[in-house]
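In the text below, chain A, chain B and the rest are named by the order of the sequence lines, each starting its count at 1.
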There are 2 protein chains.
Amino acid sequence: MTAQRRGLGTNQEAVRRHNLGTVLRHVHGAGQVSRAELTALMGLNRSTIADLVLELESLGVVEQTVPVGVRSGAGRPSAGVRLAEVGPYVVAVDLGVDRAVVARVALGGDVVERATAPIPSGGGEAWQVGSTVAGLIRRVVEAAPSSAPLLGVGISVPGLVRRSDGLVRLAPNLDWQDVSFGAIVLAALGVDVPVQLANDADLGALAEHRRGAGVGVDDLIYISGNVGVGAGVITGGVRLEGAGGYAGEVGHLPFAPEGRLCHCGNVGCWETEVGAHAIAKAIGCPESDVVTLGDVLDEYAGSPRELGATGKALGYGLASIVNAFNPRLVVLGGYLSSLYALVRHEVDAALAERALPAPLESVTLSLPGLGSDSVLLGAAEIALEPLFADPVAALGTALVDVGARLAG
Amino acid sequence: MTAQRRGLGTNQEAVRRHNLGTVLRHVHGAGQVSRAELTALMGLNRSTIADLVLELESLGVVEQTVPVGVRSGAGRPSAGVRLAEVGPYVVAVDLGVDRAVVARVALGGDVVERATAPIPSGGGEAWQVGSTVAGLIRRVVEAAPSSAPLLGVGISVPGLVRRSDGLVRLAPNLDWQDVSFGAIVLAALGVDVPVQLANDADLGALAEHRRGAGVGVDDLIYISGNVGVGAGVITGGVRLEGAGGYAGEVGHLPFAPEGRLCHCGNVGCWETEVGAHAIAKAIGCPESDVVTLGDVLDEYAGSPRELGATGKALGYGLASIVNAFNPRLVVLGGYLSSLYALVRHEVDAALAERALPAPLESVTLSLPGLGSDSVLLGAAEIALEPLFADPVAALGTALVDVGARLAG
DNA sequence: GGAAATTTGTTGTTCGGATGGACGAAAGGC
DNA sequence: GCCTTTCGTCCATCCGAACAACAAATTTCC
């Protein structure tokens, strides 16, 4: 029972829900599992697993295959369970500061189709962006088999998103404040599907945890470098959200009291040292290229010395994060992955200098295992969440024949 | 299912375990609940609750009472469920830097008996402290009814405690490093009971969440001022532990790069501004009174201006914590509660100045609801944890006739 | 004051779903 | 080619939550 409301009792419906969802979660995570592996993973009886798989098969989400795959020892090979060929899917939206990426993502995490459009600098009116996104959604959904159900839409936003209702409280680089972007997109689409919004760093963390560099790691942090800097925290295997959903705003941790003025109104925030604008200034990159700083850094041919101070600042800041959250893994996403490749030594040294020995000894820095798709795939994962919580209910309310409905 | 291993399925034994534990948790939390309230709280059937209560009664942990208490509407009054008169108990140990407090705590959280002994300054050898603590444990257990089972011992340590095995990695103010204090106490006691160790701030947070200022608040932080400064974090209703159990070490967040040298080897840690030594210096308190700084501050009659900078530093540091964790409540424990009473205005203003608007709007600062017992009661709570996870198993392995066993 | 309404406790039964055993099937090892 | 090992399938079983019916205790209303 991953996230049941605490204090409640467990009735038998809940047991079935949980077990169905857990089987599906395993298939989703591994792509292909044998029934024998499922019995071992879940600690349930052979017969029970068989029954659960049968029900999922009749729901049209998984298929059983002939025994295949690497065999270990003797004995009859176990039947495989894999995702259905024409199964449920979600739409993932990665809203960046300069472009929106929209993808149709199948259960299992494969990007089936993808579309991108630029966003005018400064964000533009939210309804314009919503209209653009809706157009991209129409495009990626068009070719989907009409019998495949759409489970929902997950949207990543570079800013503070209120958990309770998905309101975008503040997205500085889009110049948005208190925007109900989920409702805007739905209105532009003209249909009603479940929509989930979340912060980009939180979604990066989720995706890296499920399918990237952090598989099997229950305490990890994803640092997103996306003009601003934020952190998504997974702890004990679950997302750290905080009271309102704003946890992980590490970009405004104090860093240099005598430092530069930050757009948040304070002085010397970490972001003023390792944010995109600061780095661009350090390497003499024109202001117009700030939004694509990652690409600039990938092709950076200047002296690494110009970035030495930045690397040190990154390491010092990471030390604070390591002390506060004690993660096993820190994934550096966005342009920070490009930066880390250039100044790895400075970052590692600064981290080791400032972090406490105990949390330091078990932490690792790494690049995203999903490249630049972490956030997009994280958006897919939150859209899939209801399916794992209750497969029957989620498929019951899913939208079928989506292409036709959206065409009109 | 509060903390089941993820990925596992739920079998029927687990359901019963969970439901029994949840009933007990409710009785433990409320002291007295009616069966009707339990059905509403847990969402289970009347008959099911009746059966669960019957089983707990036969285990000797709860008793049913005649209908009593405030009645709301019409209808037959519901039977009450309360903790058994002679029920299971735990021993809680609060290891401070200058004294150890040991208490016998009944299920329900009442301190039945308590004993205290000083600890030589600088901590002394761990085995000496262990022997002292064992003596206190003997004393508080002596008068316990011989039929009452001892569930375990919970120990709070002012330092970094490894979650996996309870090893005390570092307790600077006791001058300990890698001390297996649980084993030491058990050896001095000569019996084998479950022992849980944890960091003092984590336990303060736990107790305030369960029985103090944070009842019903699922995202709270307890800041312990106990010579050093640390934070215990509850998020989503569960303890934030991190990979090794060291999460919440906020005392060494960077604060003033040009500041004082910290014992951790860095410069300008938050602790160098709001730690006990810094405050003592600010108000001209002799070094020998640092360990009782809370009492000193309670009787402080000097000019509040001497503490203005400290209050500001506290507020700024709290802003970082609020941005990073987005709590709904921050409880200031230890000497920080005394400090806050003196410079509330400065702290509030500094927090409001540096925290981001979104997380700031929902956060409250408060004093501990449990006074100076937060940490002690938190130690009791971790010792009780196995009981709620599996009442039958925990009571099966509990120790009876404790007085006689410990006398020899 | 009495009857109706309301809510709960109790008891016996039902039912959902996990479990376990028996048996056959499909592989590897010798 | 036979034995061993492991798995799928088909039962019967069993555990425990849910449900229904009735009795009990209290409030409310007339």
Residue B:Q12, side-chain heavy atoms: nucleotide from C:dA18, D:dC10, C:dA26 that is nearest
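Shortest atom-to-atom distance from the side chain points to C:dA18.
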
Look at the side chain of A:R76 and decide which nucleotide, out of C:dG9, C:dA25, D:dA17, has an atom nearest to it.
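For A:R76, the side-chain atoms sit closest to C:dA25.
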
Let me know the distance between [atom1] of [X] and [atom2] of [N], rounded to the nearest Å.
| X | N | atom1 | atom2 | answer |
| --- | --- | --- | --- | --- |
| A:L20 | C:dG16 | CG | C1' | 13 Å |
| A:N45 | D:dC14 | CG | C1' | 13 Å |
| B:L8 | C:dA18 | CG | C1' | 15 Å |
| B:I49 | D:dC19 | CD1 | P | 14 Å |
| A:H18 | C:dG17 | NE2 | C1' | 15 Å |
| B:E57 | C:dG9 | CD | C1' | 14 Å |
| A:L38 | D:dT6 | CG | C1' | 16 Å |
| B:L52 | D:dA18 | CG | C1' | 13 Å |

Is there a side-chain contact between A:L107 and A:L24 in this structure, where contact means two heavy atoms from C-beta onward sitting under 4.5 Å apart?
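In contact.
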
Is any side-chain N or O of [X] under 3.5 Å from a base N or O of [N], one able to act as donor and the other as acceptor?
| X | N | value |
| --- | --- | --- |
| B:R16 | D:dG16 | no |
| B:S47 | D:dC19 | yes |
| A:R46 | D:dG8 | yes |
| A:T48 | C:dG17 | no |

Side chain to side chain donor-acceptor pair (under 3.5 Å) with A:E381: which of A:H209, A:H28, A:Q196?
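Among A:H209, A:H28, A:Q196, the one meeting side chain to side chain donor-acceptor pair (under 3.5 Å) with A:E381 is A:H28.
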
Out of curiosity, B:R17 CZ to A:T10 OG1, how far, rounded to the nearest 0.5 Å?
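Reported value, rounded in 0.5 Å steps: 11.0 Å.
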
Rounded distance [0.5 Å steps], CZ in A:R104 versus CG in A:L150
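If we round to the nearest 0.5 Å, A:R104:CZ and A:L150:CG are 10.0 Å apart.
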
With DNA chain D as reference, determine whether A:N11 or A:R35 sits nearer its 5' end, using the nearest nucleotide of each.
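Closer to the 5' end of DNA chain D: A:R35.
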
Using the closest heavy atom to pick a nucleotide of DNA chain D for each, name whichever of B:E13 or A:S34 lands nearer the 5' end.
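Taking each residue's closest nucleotide, the earlier one in sequence belongs to A:S34.
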
Please determine if a side-chain N or O atom of [X] lies less than 4.0 Å away from the OP1 or OP2 oxygen of [N].
| X | N | result |
| --- | --- | --- |
| A:S78 | D:dG8 | yes |
| B:N19 | D:dG16 | no |
| A:R17 | C:dG17 | no |

For A:A50, answer base if it contacts any base atom (sugar-phosphate contacts may also be present), sugar-phosphate if it contacts only those atoms, and nothing otherwise; contact means non-hydrogen atoms under 4.0 Å.
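Touches nothing.
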
So does B:R16 pair up with B:D51, basic N to acidic O under 4.0 Å?
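Salt bridge flag = yes for B:D51 with B:R16.
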
